[in-house]
Amino acid sequence: MKGRSCILIFLVIIMMGLFFPGKSIKASGDAKVIPVRAAAEALGGSVQWIKEERALKVRLGSRKWEIVLGSSLSALNEKEFVLVQPAGMNAENMVCVPLQSFNSALGVQMEFREGQWMPGREDTTGLGMYWMRLMQLGDYDKARSMMNASLADLFPDEALEHYKDSLDETYGSWILLKADFQDNDVHKNAILIYQTPRGQSFRMELRFDEDGRLDDLALLRNTSDTYTSPSYDRPEQYAEEKVTVGTKSLPLPGTLTIPEQSVGKLPAVVLVHGSGPSDEDESSGGGKMFRDIAVGLANEGIAVLRYSKRTYEYPIRSLTPYFTVQEETIEDSLSAVKLLQQDERIDSSRIYVLGHSQGGMLVPEILGEDHDGAIAGAMLLSAPSGSLEDLMLQQYKGILKRAVDNNETGAELERKQAKVDTWQNAVDMLHDDEYSKEHLPALFPLPSAYWWYDIRRYSGPMIARNQHVPLLILQGENDVQVPLSSLKVWKQALDTRTDVKYKSYPGLNHMYALYDQPSTGDEYRIAANVPGAVIKDLADWIHLAVK
């Protein structure tokens with residue numbers, strides 16, 4: 001009945017349009033009416049004129065809008081939407097509607113400036129859609145003019161063209177599926193989901209500064225967020241405060257979780273991400289490992305500081321030619337420690353660092369850079385014990401083996417074999433003493449050759465062997481990314497130390513979620529949480545750690 005009612009309403013709208021033809025109205029820069037087609041297409045929308053019905057059908061992301069010439073009634077997502085005044089036709093035979101109605105229907109803030117219709121500087125979502133449409137059209141000068149100086153310096157026109165070509169090569173064309181925005185203390189983010197003819201979708205996050213200028217852009221996988229809060233999440237027992245960490249030129253948004261009813265100064269933990277770009281929660285589709293740890297430790301009277309990783313917040317601007325783990329991880333983790341030292345609610349003698357995966361591997365390096373001894377102890381969760389390049393090759397060989405065992409054939413198997421070949425080639429070069437940071441190979445097969453040569457043969461256990469900061473080293477026994485054997489290496493390397501504790505957990509995968517099948521990584525999309533027992537082990541160690 002609901003669908004039939006919508007159809008009847010729209011038929012009435014059509015008939016009204018037939019009996020009351022649209023008037024010729026003025027479409028100018030007086031911010032009263034706006035040409036629908038030009039404005040919607042400037043945002044990447046599609047517009048179709050149905051001559052027989054004197055109707056215009058507009059689609060912009062998830063919004064579908066049907067307008068009838070001469071009528072004040074329209075249909076927005078199959079619901080009645082009343083225009084401020086009837087749709088009309090301008091002197092150029094373009095259907096126009098009131099600007100107020102256009103903005104309300106499509107969720108934007110279009111305005112007339114610089115001789116054209118474009119989103120207002122406060123319209124983050126509109127600016128993002130507009131920029132992506134400029135890229136589709138190949139209008140690189142205009143796209144570049146929307147950037148601030150920091151980003152524009154990294155994007156001469158030919159670089160923008162190359163960026164667009166890489167999108168085309170990967171996805172073909174793209175159509176907007178969904179548009180949203182999310183603000184933090186550093187950026188206003190346009191979050192855009194695009195569908196491609198190849199059946200794939202991708203997510204673009206365009207990061208605008210406070211002046212409405214594009215500051216960075218992130219191409220991300222479009223994964224469904226299936227996360228649910230853990231049973232131990234008790235919002236009434238903690239407060240979350242927005243903070244900023246990092247450097248002056250590359251500030252990072254973060255969250256400080258503070259227990260509400262604790263007495264005295266609080267112990268605190270800084271969370272350090274694993275490899276790759278990651279948000280402050282270390283989100284993985286069905287899990288938010290860092291959020292779970294933050295709210296869980298809050299129940300135990302422990303404050304937690306987590307923040308977006310530099311390569312997540314600044315995917316383009318952070319990647320300088322000489323980018324290393326120093327810039328990727330170490331600088332920002334120490335900045336977070338310093339921020340906690342300055343907080344009067346925090347016990348400065350009980351500040352800890354928790355590193356996951358690559359972050360755990362780098363904990364000894366972080367401790368080595370902590371020249372003031374501000375870090376009282378550290379927790380390493382699934383920390384690789386050997387060189388990262390060898391571990392990555394091992395991971396891709398494992399992916400290929402599972403594909404063969406599952407009788408995969410054709411292009412997908414060939415793609416996985418090609419990945420292994422690429423990594424084998426890279427590892428061979430990294431093991432070759434002919435090359436170094438000062439003498440990089442001309443055809444290194446991975447991005448950021450300098451980064452890889454800076455960290456090659458890195459051994460966290462060998463560095464930690466001569467350190468004296470208490471450690472807790474944990475490992476999931478169902479971890480497809482960092483094998484259980486890593487824990488054994490840490491134990492052997494640190495066998496002379498008496499201030500290190502170890503524990504492994506049956507069934508826990510790399511994201512510290514319980515999984516009853518051998519982990520492949522595909523299960524990360526399934527909703528799961530860090531078990532309360534792990535949270536309790538972390539809290540007990542912090543409360544009992546040697547001071």
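Numbers for residues simply follow the sequence, beginning at 1.
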| field | Evaluation steps, salt bridge (Lys or Arg N to Asp or Glu O under 4.0 Å), between Glu328 and Lys309 | value | CA-CA 8 Å; Glu328 180 186 13; Lys309 193 174 178 181; 2.9 Å; yes
| query | Can any side-chain N or O of Asp225 pair as donor or acceptor with the backbone N or O of Tyr227 at less than 3.5 Å? | reply | yes
| Without hydrogens or angle criteria, can the side chains of Gln424 and Asp428 be said to hold a donor-acceptor pair below 3.5 Å? | yes
| query | Just checking, is any N or O donor in the side chain of Trp423 or Glu389 under 3.5 Å from an acceptor N or O on the other one? | reply | no
| Val295 backbone acceptor or donor facing Asp292 side chain under 3.5 Å | no
| message | If you define the side chain from C-beta out and look only at heavy atoms, does anything of Leu151 sit under 4.5 Å from Asn148? | response | yes
| task | Run through Ile346, Leu305, Leu334 and flag the one making a side-chain contact (heavy atoms from CB on, under 4.5 Å) with Leu339. | result | Leu305
| said: Under a plain distance cut-off of 3.5 Å, with no hydrogens placed, do Lys288 and Ser283 share a side-chain donor-acceptor pair? | reply: yes
| Say you draw a straight line from CG of Leu192 to CG of Asp180; how long is it, rounded to the nearest 0.5 Å? | 9.0 Å
| message | Is it true that Ser166 and Glu169 share a donor-acceptor pair across their side chains at a distance under 3.5 Å? | response | no
| field | Smallest separation among heavy atoms of Ser275 and Gln358, with atom names | value | CB-OE1, 3.1 Å
| said: Filter on salt bridge (charged side-chain N to carboxylate O under 4.0 Å, His left out), then keep only pairs touching residues 208-220, sequence neighbours left out; what's left? | reply: Asp215-Arg317
| Met118 CE to Glu114 CD distance, which is reported to the nearest 0.5 Å | 5.0 Å
| task | Just do the salt bridge (Lys or Arg N to Asp or Glu O under 4.0 Å) check on Asp233 and Arg291 with the steps written out, would you? | result | CA-CA 10 Å; Asp233 184 8; Arg291 184 185 184 277; 3.0 Å; yes
| field | Exam field: side chain Asn529 to backbone Thr228, donor-acceptor pair closer than 3.5 Å | value | yes
| With ring centroids as reference points, do Tyr435 and Phe444 lie under 6.0 angstrom apart? | no
| field | Pro253 backbone acceptor or donor facing Asp185 side chain under 3.5 Å | value | no
| said: Is any side-chain heavy atom of Arg133 closer than 4.5 Å to one of Leu43? | reply: no
| request: Check the pair Glu240, Arg306 against salt bridge (Lys or Arg N to Asp or Glu O under 4.0 Å), reporting the backbone distance first and the verdict last. | output: CA-CA 11 Å; Glu240 291 194 325; Arg306 64 193 197 272; 3.5 Å; yes
| Expected output: side-chain Asn299 to main-chain Tyr232 donor-acceptor under 3.5 Å | yes
| field | Ser436 side chain vs His439 backbone, donor-acceptor pair below 3.5 Å | value | yes
| Does the ring center of Phe323 lie less than 6.0 Å from the ring center of Tyr450? | no
| request: Determine, for Tyr312 and Arg207, whether the Lys NZ or Arg CZ falls below 6.0 Å from the six-membered ring centre while staying within 45 degrees of the axis. | output: yes
| request: Would you indicate whether the side-chain heavy atoms of Met204 and Leu206 approach each other to under 4.5 Å? | output: yes
| query | Side chain of Thr226, backbone of Arg525: donor and acceptor closer than 3.5 Å? | reply | yes
| request: List the steps and the verdict of side-chain contact (heavy atoms from CB on, under 4.5 Å) for Tyr307 and Leu271. | output: CA-CA 8 Å; Tyr307 52 90; Leu271 304 186; over 6 Å; no
| query | Counting only heavy atoms not in Ile399, do more than 12 sit closer than 6.0 Å to its CD1 atom? | reply | yes
| request: Give a yes or no answer on whether the side chain of Asp479 reaches the backbone of Pro483 with a donor-acceptor pair at less than 3.5 Å. | output: no
| Under 3.5 Å, is there a donor-acceptor pair linking the side chains of Gln195 and Ser201? | no
| message | Once rounded to the nearest 0.5 Å, what's the spacing between atom NZ of Lys437 and atom CG of Asp454? | response | 4.5 Å
| said: If I take atom OG from residue Ser318 and atom CG from residue Asp332, how far apart are they, to the nearest 0.5 angstrom? | reply: 9.5 Å
| task | Could you tell me whether the side chains of Tyr512 and Ser382 share a donor-acceptor contact shorter than 3.5 Å? | result | yes
| said: Taking Gln481's backbone N and O only, do any of them form a donor-acceptor pair with Gln395's side chain (distance below 3.5 Å, no angle check)? | reply: yes
| Hey, do the aromatic rings of Phe290 and His273 have their centres closer than 6.0 Å? | yes
| Flag side-chain contact, heavy atom, 4.5 Å: Lys57 against Lys64 | no
| message | If I take atom NE2 from residue His431 and atom CG from residue Asp390, how far apart are they, to the nearest 0.5 angstrom? | response | 4.0 Å
| query | Any side-chain donor paired with an acceptor under 3.5 Å for Glu523 and Ser519? | reply | yes
| Under 3.5 Å, is there a donor-acceptor pair between the side chain of Thr170 and the main chain of Leu167? | no
| Do His187 and Tyr314 make the cut of ring centroids closer than 6.0 angstrom? | yes
| message | Run the side chain to side chain donor-acceptor pair (under 3.5 Å) test on Glu280 and Ser308 for me, step by step, so that the C-alpha distance in whole Å, both residues' side-chain angles and the decisive distance to 0.1 Å come before the verdict. | response | CA-CA 4 Å; Glu280 66 175 38; Ser308 291; 4.9 Å; no
| task | Start with the C-alpha gap between Glu161 and Lys164, add the side-chain angles, then the distance that decides, and say whether salt bridge (Lys or Arg N to Asp or Glu O under 4.0 Å) holds. | result | CA-CA 5 Å; Glu161 185 174 0; Lys164 195 259 187 180; over 6 Å; no
| task | If the plane angle is over 60° it's perpendicular, under 30° parallel, otherwise tilted; pick one for His510 and His356. | result | tilted
| task | Supply the atom-to-atom distance Thr196 OG1 to Asp168 CG, rounded to the nearest 0.5 angstrom. | result | 11.0 Å
